[in-house]
Structure formats: structure tokens, C-alpha cells
**Student:** 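One structure, as C-alpha cells, below. Some questions next.
Order of the sequence lines fixes the chain letters, A, B, ..., with proteins taken first and strands second; residue numbering starts at 1 for each chain.
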Protein chains: 2
Amino acid sequence: MAVSCACLQASTVSRISHSATTLQTLRFSRNQVSCSSSPRMEPLHAEPQSKFIEFPYVCAPQRELMVELMSSIETRLGSDLHPCTLPPDVQYYENPNGSAHGSLHVRSGIPSSLINLILGSWIHCKLPSGGAVNITTLSAYLRSSTNAPNFVIEFIRTSPVSLVLILDLPPRKDLVLHPEYLKVFYEDTQLDRHRKHLQELPVVRPYFSSSLFVRAVFSPSSIMVSIEANDDEEERIDDIIRDHISPIAKEMLGTWFDVCASVEREVGGDESAELERRDRIIKNKTIEIDLGLSYPRLFGQEVADRVLGVLRDILNA
Amino acid sequence: MAVSCACLQASTVSRISHSATTLQTLRFSRNQVSCSSSPRMEPLHAEPQSKFIEFPYVCAPQRELMVELMSSIETRLGSDLHPCTLPPDVQYYENPNGSAHGSLHVRSGIPSSLINLILGSWIHCKLPSGGAVNITTLSAYLRSSTNAPNFVIEFIRTSPVSLVLILDLPPRKDLVLHPEYLKVFYEDTQLDRHRKHLQELPVVRPYFSSSLFVRAVFSPSSIMVSIEANDDEEERIDDIIRDHISPIAKEMLGTWFDVCASVEREVGGDESAELERRDRIIKNKTIEIDLGLSYPRLFGQEVADRVLGVLRDILNA
């Protein structure tokens, strides 16, 4: 179980859909401006394999954080992971008129490791107003040979002054039925202090996904916040990413490495089967219902079929 | 499954404990004033059976709401319920120096009904500053012959200008593993609109219990809010209770009657056993860990032993 990148992109795209229910309305939505600190706004022409980790459309502090998280994963888990073997036109894709770009990056774990998948993605969608929406996601999934939580971070930047952040170790078991699981992974690790710290910042507010299913997927100490600065404070959110979100995200990934990804746990056959079932429900529900609706609108049916087809195969493998 | 009154009082008392970690600190806490609209502040001397439904220490709009909720339960479920047979000194109790008062009210369902328990309680604790804390809870639990959610409402009023409200149909199954359950009880009933409505009011903020377990118990559409008015706006929270909370609470109880308490559902033997186990975990965890620590501080060991002993017997029956 645990959250899939798909699930997060679902919350994401559904958030876009909130203010812009269809691609049509997204095209004509107002009050959206591009992220001023994006280093470049044109499609990349480097080799596909490198496009994901360039994070070309996001602000510098977010790009630096994502590169550091990917580098930590390489350092800690690299020997457990196969290389990314996605087709080039799935590693990087765009819509026919060039207003939407996306990248997918997948590294599966070798059979002997606890890692199921490392899955990263970003999408960049220009808005008719001249602005853009940038969504960046990194998820790490464990196999059903362990019941430990997964890891996920997602940035949804709808303008230089508006960000939704989802950052969590989503549980893979019912926390009410398994309070010892809650204790080991959430209470003993004191994860809630990160949420508290962020929510004490004046511009940070709790964020409620429009999907009850997405809300149900995350832990009670999940960071689900929306950060809204004034229009004349374009750098404020960049500063918050650099000074607050970045250290928290790195510490939470470190906790995940130490407590979840590198510790063998006894999982019985019945439990493993239920973990598989729970994972599969999340993956299928989010691909079919959420991404299945949003991707065709954002990228056109052909690109959506190609990318979602590969994603479906990977997540159901 | 589902939340127990104990669980709610736990969040409650743990909230008191937040600003006042022990009874000692509670005694000397500052900036707390009594609810100005409390109709009377002295212990009751009426017959014990009637004390619970008098709600003697809370403001008029809250008392009127609680009386209406109890009356609705009587109307809709009265023939399914045994009378309250608690000992008089558990139906009403106070601490040795008379600064803390409490009342417990329990009606169990007859064997043929879906109702397990209706459990109400209130506590009133004077503060040295002259103020008082009032906590009022009403919970309705179903049997394991159905898997439908329970109902709970809790008011934690720490001053005339400060209220925490918890209002929910707490789920009795893992919503990730059972998305059809989420759909029937939460999406189709559109419960989330009530949370949205309340959170649009300027003085209403999301509330995060200090207990991750308590947070995990509630549904993704739960109303968990804190309402803080300015010191010169003593009537503002009373107005919000009357104009907003009261209609929402009555509608949510109606939804619970119609969708949960009066509909037979097929529950297999394994599922019923897991429902029993989940219910029992919540009840025991909250009694032993939370109330077990707080009640002796608030009421003294003898009263705590008496009330919690009866509560333990009821919840584990």
C-alpha cells in the first residue's frame, strides 16, 4: 500500500481541477503567473535519462532540494536499484501544442531488496495568463516483504505565491487496529514535530485534498499544507522551501531510510497478501479515477495513453 | 472501531493537559475564565438520573443542542434502548474539594437492536483564575453485527472565547482497504460539506489533537476545529454554536440514524471479530492511557477508580 505517485498527482491534478475543472478552463484560468525563479521555460533537448533530475521549471530552492533527495537515494539505496529503463518518450513527454511537459523516472528494486519502486515525476503546464502550474513528486515504495511505511513528497506550485506541499511516510496498515505500528513509525520517530514547525509559520495553513480517499491514505502526522504569500512577496515561498521545507524533507527521508527502508521486519503470508491488496487498491484507484481523467485533458489522449499505460504496468507489476 | 466517549474525553483531557500538564498546573493556569452564559455554577442536587441531561454548566445554545440531540435519540431509538442503570455516584460525581464535577449517562441497546451503547458525559472543572473548563460528549456505538460508523460529538470549552469541537461519524474499517465503505458513508452522504462550511467561518481553525491515535480514529471528513474569539467577543462562540454547529450536528445525527443505525448490513464472522477487536483496542487504549492518567488528577483516585471502573466494565461488556 502506501501512496503512489499517481495518488499524489491525483490530489494534485484534482487541485488544479478545483480551480480549473477541465483543460479548457485551465487554459483560460486567471490569476496564475509563472514561477519567476524558474531557470528556463523551454522544453529540454538533453538526453531523456537526465531530464527528470534537471527539474527545469521549478525555483532554485526546490530544484536543489529535489536533487539532494535523489542524490541521497542514490547514496543509500543505489546498489539495491535497477537503472531507469523507461522508454524515452515516457521519461519525457509533452502535449501536441507544447504547453504541457512532463517527465517520469522509475527505478525498481532488485529482488533481494526491500525496495519496490522509486518513482519520480514532474509536470509543467503553461497557463493562458502567462503563468504555469508545476507539480513535482517523489515517492519511494517498499515491498510487501516489509510492512514499513513508504515515503512521499509532492510540490504543487500554482504560482510564485502559492504552494501546496504533501510530505509524509504514508502508513501501510490500519493505525487504529495496529497502535504498535503507530508507535514505532510515528510516535517514536516524532514525525509530528515537523508538521507543527511548518504550521507555526504565518503563511502556512492546513491543506485538505478534495478527495477523501487521498486524505485517508496519509498518516496523522502527514504534512499537508498550503502556503499562500501576498502578490508582492514572490520570494517568500522560495525562502520557506529553502529554510524550512528543505531541512524537514531531508530529515524525514533520513528517518525513512533508517527506520523503514533498511530494517527487515517479519511479515506473515496473510499480512503480505493484505499489504499487496492495499497497495493495489491505492494504485488502481488513483490511476483509473484521477490520472485517467486528468492526463488526457492535460496532455491529449495519445500521450496520456502512453504514459499511463507504462505507469499502470509498473505499478501493477 | 469507532471512537469511544473515553477516546474523546482523552483528546479532551489531553488538550487540557496541553496547557496544564497536571492537575497541579491546571489549578494554577492563567488566562482562563468561566463561561459567562453558564446558567449555574453550583453542583446539582436533583435526582442523579436527570443530571446528565441538564447540562448545568454550559452556555444556553450548547445545552439546547445537547438536549435536542438526546431527544432525537429517544425518539428514533428509544424502543431499542435499556434505561440508564448506572449507580447514582457514577451518574453524578465530584472531587473531594468540589472544584470538579462530572456526569455519566449510559443506555445499552436491547439484544435485537444494532445499537451497542449510547454514552454521554460531561465534566466541569473550576480553575483557580475563576474560570472553568467544560467538556461535553455524546457518543453512539453500534454492535459488531453491523460495520456502519458510530457517531460522536464533543465540546471542549476552556473559556467563553475558546472552544474545540469534534463531530464525526468515526469509521469502523480501514478506509484505504475499503474504498466502497468510504463511498457509502462519507462521499455519498456529502459529510465533508459540513466541515467546509464551518472552516469558512473566520474564527474557526483546524484542530490537531496532541494524540496521533486520536487523529487516526476519526474520518477524513471529521470536524475537528478550534474556535477562538477575541476577549471582547464573549457571545461570538455561543452564536456560532447556535447558528452553525447546532444545525450541522442535528443533520449529521440524522444522517447517522438514516444510513448507519437503521440499516441492516451483512457482516461475516471474520469481519465481526475484527470489528470487535478494533472497537476493543480503541476503548482499552483510551481508558488505560488517557483517562487513566487524567481522571485521578481531576477527581482524585477514589472517584476516578469508581467512575473508570464502571466505564471499563461497560465498554468491555
**Student:** Quick one: which of A:Leu175, A:Leu177, A:Asp192 has the most heavy-atom pairs under 4.5 Å with chain B, could you say?
**Tutor:** A:Leu177
**Student:** Side chain, backbone, both or neither: which part of A:Leu212 has an atom under 4.5 Å from a heavy atom of chain B?
**Tutor:** both
**Student:** Name the residue from A:Ile166, A:Ile223, A:Leu165 that meets the side-chain contact (heavy atoms from CB on, under 4.5 Å) definition with A:Ile153.
**Tutor:** A:Leu165
**Student:** Under the criterion side-chain contact (heavy atoms from CB on, under 4.5 Å), which of B:Ile227, B:Leu163, B:Ile135 is the partner of B:Arg157?
**Tutor:** B:Leu163
**Student:** Given 3.5 Å as the limit, does a donor-acceptor pair link the side chain of A:Arg143 with the main chain of A:Gly109, or not?
**Tutor:** yes
**Student:** Checking salt bridge (Lys or Arg N to Asp or Glu O under 4.0 Å) for the pair B:Arg193/B:Glu251: CA distance, chi angles, key distance, verdict?
**Tutor:** CA-CA 11 Å; B:Arg193 73 188 191 283; B:Glu251 189 171 342; 2.2 Å; yes
**Student:** Which region of B:Arg195, side chain (C-beta onward) or backbone (N, CA, C, O), has a non-hydrogen atom less than 4.5 Å from a non-hydrogen atom of chain A, or is it both or neither?
**Tutor:** side chain
